[in-house]
Amino acid sequence: MALDLYQRLGLKRGASEAEIKKAYRSLAKQLHPDRNKDNPKAAERFAQVTAAYDLLSDKDKRARYDRGEIDEEGNPKMPFGGGFGGYSSGAGPRPGAGAGGAQGFEHFNFGGADAADLSDLFEGLFGGAGSARGRGGPFGGFRQRAQAPQKGADVAYRLKIPFDDAVALKPQRITLADGKTIDLKLPQGLEDGTKIRLAGKGQEGPAGRGDAIVTIEIAPHRFFTREGTNIRLTLPITLKEAVLGAKVKVPTPEGPVMLTIPKGTSSGKVLRLKGRGFTAKDGKRGDQLVNVEIEIPAQDSALQQFAESWTGAGNPRASLGV
């Protein structure tokens, strides 16, 4: 019997979101194709646990799965429990059944002359009773629908990318479950949680391959933070640079640039580097906002002597009424 989504992750139903995430990260690390290049079973298992995590991490899909409305692939389950083959199993032979006690619909007694009218019910549920009769009885149309070839299952992946690469929309190399690698082009309007569909990169099926669904996770940066399409940076400067003005080197996700510090700059002033932020869906780029912060050395005797003799500070708190 195939494992359900919780069993794939080694969990019981009712597991918390944190437990699901922890279990997935542990298994993904063990089973990733990069670490199991000579083990195709590991790649297959990696695809299975990733697909399980992708569905269970979606609150709406998880709730529908727990209620039995969708299957392990996220597809709606067939009505009436997925088929009619054992409609009255365990109830003993029915009137009209063969010597072997056959349980199929072709032997079930629905009530004499009214039995033919049941095709109207199936016409409402599954369409085309007239055409169904032409294919061999009132249920022929339903049997044909149930046997229609299906595409292979979609395969879910999660890809964590560096903050700088996300800003620059730098293509990312990803290894698929079959061991093949592709260069993934990042779209404009990229956000944490963006899903990218790769057509025909999923599992094989009778009607063709499914797709690969790649969920993007943008790694945090050690000194940049994101604000919409803008990014923000706190930039330390010296007292001399603040008083006299200066040109200083400033990091950006795409390399350092020179920034002019105006004379008399105070801590908290925000300077703007245009077009250095994230790219929106319409192609426009945000800015890099630079928060200036003046660093005062703790042990500088010359600066202390100057401050003691300087009388031109005024009252910077006058606007506060104090």
Side-chain angles (χ1 to χ4, degrees), residues 1-78 82 150-162 165-166 171-184 186 190-220:
M1 182 179 293
L3 298 177
D4 70 18
L5 298 183
Y6 293 96
Q7 291 171 329
R8 292 184 194 179
L9 298 174
L11 299 171
K12 295 182 179 179
R13 286 180 179 268
S16 67
E17 292 181 17
E19 289 173 331
I20 291 172
K21 189 171 186 179
K22 181 179 179 181
Y24 169 70
R25 285 186 172 180
S26 176
L27 288 169
K29 186 175 181 180
Q30 298 172 28
L31 300 169
H32 196 279
D34 286 347
R35 303 183 64 179
N36 299 273
K37 293 181 179 180
D38 299 324
N39 185 357
K41 290 186 177 181
E44 182 180 350
R45 179 91 171 96
F46 174 77
Q48 291 174 348
V49 299
T50 302
Y53 178 71
D54 190 59
L55 191 147
L56 294 178
S57 62
D58 185 311
K59 292 184 179 179
D60 178 62
K61 288 183 179 179
R62 181 183 179 184
R64 293 176 61 199
Y65 176 74
D66 288 344
R67 292 194 298 266
E69 297 174 4
I70 59 176
D71 62 18
E72 281 71 16
E73 296 176 2
N75 298 318
K77 288 191 175 181
M78 295 292 290
Q150 300 291 320
K151 287 181 63 177
D154 292 343
V155 179
Y157 299 86
R158 298 187 75 83
L159 179 63
K160 190 172 186 177
I161 64 175
D165 287 359
Q172 302 293 302
R173 180 154 293 185
I174 181 173
T175 302
L176 302 178
D178 59 6
K180 296 180 180 179
T181 59
I182 62 171
D183 289 328
L184 182 67
L186 300 179
L190 186 70
E191 300 274 355
D192 195 55
T194 292
K195 295 182 184 295
I196 302 174
R197 181 178 292 272
L198 303 177
K201 298 298 183 181
Q203 294 183 7
E204 190 67 64
R209 298 184 71 94
D211 301 333
I213 311 296
V214 183
T215 301
I216 299 297
E217 180 181 349
I218 301 175

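Sequential numbering from 1 along the given sequence is applied to the chain's residues.
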Participant: Calculate, to the nearest 0.5 Å, the distance between atoms CD and CD belonging to Gln203 and Glu73 respectively.
Facilitator: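 Between Gln203 CD and Glu73 CD, I get 7.0 Å after rounding to 0.5 Å.
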Participant: By side-chain contact (heavy atoms from CB on, under 4.5 Å), which residues pair with Ala51, not counting sequence neighbours?
Facilitator: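 Ala51: side-chain contact (heavy atoms from CB on, under 4.5 Å) contacts with Arg8.
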Participant: Who passes side-chain contact (heavy atoms from CB on, under 4.5 Å) against Arg173, sequence neighbours left out?
Facilitator: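 So Arg173 forms a side-chain contact (heavy atoms from CB on, under 4.5 Å) with Thr181, Asp183.
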Participant: How long is the straight-line distance from CG of Leu55 back to CZ of Arg64, given to the nearest 0.5 Å?
Facilitator: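 Going from CZ on Arg64 over to CG on Leu55, the span is 9.0 Å.
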Participant: Can you sort out the partners of Pro171 under side-chain contact (heavy atoms from CB on, under 4.5 Å), two or more places apart, ordered by chain and number?
Facilitator: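 Counting only residues at least two positions away or on another chain, Pro171 forms no side-chain contact (heavy atoms from CB on, under 4.5 Å).
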Participant: Asp58: which residues meet the salt bridge (charged side-chain N to carboxylate O under 4.0 Å, His left out) condition with it, sequence neighbours left out?
Facilitator: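 Here no residue qualifies.
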Participant: List for me each residue that meets salt bridge (charged side-chain N to carboxylate O under 4.0 Å, His left out) alongside Glu72, sequence neighbours excluded, and say none if there are none.
Facilitator: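 Once residues adjacent in sequence are excluded, Glu72 has no partner under the salt bridge (charged side-chain N to carboxylate O under 4.0 Å, His left out) criterion.
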Participant: Taking salt bridge (charged side-chain N to carboxylate O under 4.0 Å, His left out) as the test, write out the residues that go with Asp60, two or more places apart.
Facilitator: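 For Asp60, no residue satisfies salt bridge (charged side-chain N to carboxylate O under 4.0 Å, His left out) once neighbours in sequence are set aside.
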Participant: I'd like to know whether Leu11 forms a side chain to side chain contact (heavy atoms under 4.5 Å, CB included) with Leu56, so could you lay out the CA-CA distance, the side-chain angles of the two residues, the decisive distance to 0.1 Å, and finally the verdict.
Facilitator: CA-CA 11 Å; Leu11 299 171; Leu56 294 178; 5.9 Å; no
Participant: State the CD1-CG distance between Ile196 and Leu184, to the nearest 0.5 angstrom.
Facilitator: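 These two atoms lie 4.0 Å from each other.
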Participant: Quick one: closest heavy-atom pair of Tyr65 and Leu5, and the distance?
Facilitator: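 Heavy atoms only, the tightest pair is OH-N, 3.2 Å.
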Participant: Sequence neighbours left out, what passes side-chain hydrogen bond (donor to acceptor under 3.5 Å, both in side chains) with Gln30? Give chain and number order.
Facilitator: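 Result, side-chain hydrogen bond (donor to acceptor under 3.5 Å, both in side chains) vs Gln30: Ser26.
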Participant: Mark yes or no for whether Arg35, through its side chain, and Lys29, through its backbone, hold a donor-acceptor pair below 3.5 Å.
Facilitator: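 Answer holds: yes.
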Participant: Which value, rounded to the nearest 0.5 Å, describes the distance between Lys61 atom NZ and Asp66 atom CG?
Facilitator: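 One finds 14.0 Å between NZ of Lys61 and CG of Asp66.
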Participant: Just by distance, do the side chain of Thr194 and the backbone of Glu191 share a donor-acceptor pair under 3.5 Å?
Facilitator: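 Such a contact is found between Thr194 side chain and Glu191 backbone.
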Participant: Write down the atom of Ala43, the atom of Ala177, and the distance for their closest heavy-atom approach.
Facilitator: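 Scanning both residues completely, I find the closest heavy atoms to be CB-O, 2.7 Å.
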Participant: Report yes if the side chains of Ser16 and Lys22 come closer than 4.5 Å at any heavy-atom pair, otherwise no.
Facilitator: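 Of all side-chain heavy-atom pairs linking Lys22 with Ser16, none is under 4.5 Å.
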Participant: Would you compute the distance between atom CD1 of Ile70 and atom CG of Asn75 and round it to the nearest 0.5 angstrom?
Facilitator: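 Nearest 0.5 Å value for the CD1-CG distance: 8.5 Å.
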Participant: Cut-off 3.5 Å, no hydrogens considered: what does the side-chain donor-acceptor table look like for residues 209-216, sequence neighbours left out?
Facilitator:
| unit_1 | atom_1 | unit_2 | atom_2 | d |
| --- | --- | --- | --- | --- |
| Arg209 | NE | Gly200 | O | 3.3 |
| Arg209 | NE | Gly202 | O | 3.2 |
| Arg209 | NH1 | Glu204 | OE1 | 3.3 |
| Arg209 | NH2 | Gly202 | O | 2.7 |
| Asp211 | OD1 | Gly200 | N | 2.9 |
| Asp211 | OD2 | Arg197 | NH1 | 2.9 |
| Thr215 | OG1 | Lys195 | NZ | 3.0 |

Participant: Of all the heavy-atom pairs spanning Ala15 and Ile20, show the shortest one and how long it is.
Facilitator: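 What the structure gives for the nearest pair is O-CD1, 4.0 Å.
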Participant: Taking Tyr157 for its side chain and Ile174 for its backbone only, find out whether a donor-acceptor pair lies under 3.5 Å.
Facilitator: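 Side chain of Tyr157 to backbone of Ile174, a donor-acceptor pair under 3.5 Å: no, none is there.
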Participant: Partners of Gln48 by side-chain hydrogen bond (donor to acceptor under 3.5 Å, both in side chains), sequence neighbours excluded?
Facilitator: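 Counting only residues at least two positions away or on another chain, Gln48 forms no side-chain hydrogen bond (donor to acceptor under 3.5 Å, both in side chains).
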Participant: Can you name the nearest heavy-atom pair linking Ala47 to Val155, along with the distance?
Facilitator: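 Where Ala47 meets Val155 most closely, the heavy atoms are CB-CG1, 3.8 Å.
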Participant: Only one of Arg25, Glu19, Glu17 passes side-chain contact (heavy atoms from CB on, under 4.5 Å) with Lys21; say which it is.
Facilitator: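 Passing option: Arg25.
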Participant: Any chance you could measure Asp165, atom CG, to Leu190, atom CG, to the nearest 0.5 Å?
Facilitator: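 One finds 10.5 Å between CG of Asp165 and CG of Leu190.
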Participant: With sequence neighbours left out, what residues match Ala207 under side-chain contact (heavy atoms from CB on, under 4.5 Å)?
Facilitator: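 Residues passing side-chain contact (heavy atoms from CB on, under 4.5 Å) with Ala207: Pro149, Lys151.
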Participant: State which residues pass side-chain hydrogen bond (donor to acceptor under 3.5 Å, both in side chains) with Arg62; sequence neighbours excluded, sorted by chain then number.
Facilitator: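 Arg62: side-chain hydrogen bond (donor to acceptor under 3.5 Å, both in side chains) contacts with Tyr6.
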Participant: Which pairs pass ring pair (Phe, Tyr, Trp, His ring centres under 6.0 Å) with one or both residues in residues 14-33, sequence neighbours excluded?
Facilitator: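 As it turns out, the ring pair (Phe, Tyr, Trp, His ring centres under 6.0 Å) pairs with a partner in residues 14-33, which skip direct neighbours, are Tyr24-Tyr53, His32-Phe46.
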